[in-house]
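A quick write-up on the structure given underneath.
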Amino acid sequence: MASGSSKSSKSGSVSASRSVAAVTVTDVLARRTQLYFRDADQGLGAIPIVAERMAELLGWTEDDRENSAAAYRAEVARSRLWREPAPTT
């Protein structure tokens, strides 16, 4: 991810958390900043920055941060399943 994307995702996480009640990493990356749809890596590179900033803003524990990040990674993985060939039996 380019540094400009990281910078915009950090500022986007602050804005989203404050003004539109974003409460998960998925809220920010998929619903507010659209990195899920528009970024080549679907925002995976921005997870640490967004999760850290949201933890600061929302008072998350380390577990909260990791759980929200893991949920977003799982969402991205699900979105990529169609790319994999169907298993043969």
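FYI, the numbering just counts along the sequence from 1.
- Looking at residues two or more places apart in sequence or on another chain, you find a side chain to side chain donor-acceptor pair (under 3.5 Å) between D64 and T61.
- In this structure, CG in L29 is found 9.0 Å from OG in S68, a value given to the nearest 0.5 Å.
- Nearest heavy-atom pair across A69 and I47 is CB-CG2, 3.5 Å.
- Nearest approach of R80 to A40, heavy atoms of both residues: NH2-O, 4.4 Å.
- For the salt bridge (Lys or Arg N to Asp or Glu O under 4.0 Å) test, no residue two or more places apart in sequence or in another chain qualifies with E52.
- Here D27 contributes atom CG and Y72 contributes atom OH; the two are 11.5 Å apart, rounded to the nearest 0.5 Å.
- For the atom pair CE (M54) and CD1 (I49), the distance works out to 14.0 Å, reported to the nearest 0.5 Å.
- Once rounded to the nearest 0.5 Å, the distance linking CD of E75 with CG of L44 reads 11.5 Å.
- Annotation: salt bridge (Lys or Arg N to Asp or Glu O under 4.0 Å) contacts of R73 (sequence neighbours excluded): none.
- To the nearest 0.5 Å, the span separating CZ on R31 from OG1 on T24 amounts to 6.0 Å.
- Contacts of Q34 classified as side-chain contact (heavy atoms from CB on, under 4.5 Å), with partners at least two apart in sequence or in another chain: F37, R38.
- Shown here for A22 and L58, the closest heavy-atom pair between the two residues is O-CD1, 3.9 Å.
- Taking CD from Q42 and OG from S79, the interatomic distance works out to 3.5 Å, rounded to the nearest 0.5 Å.
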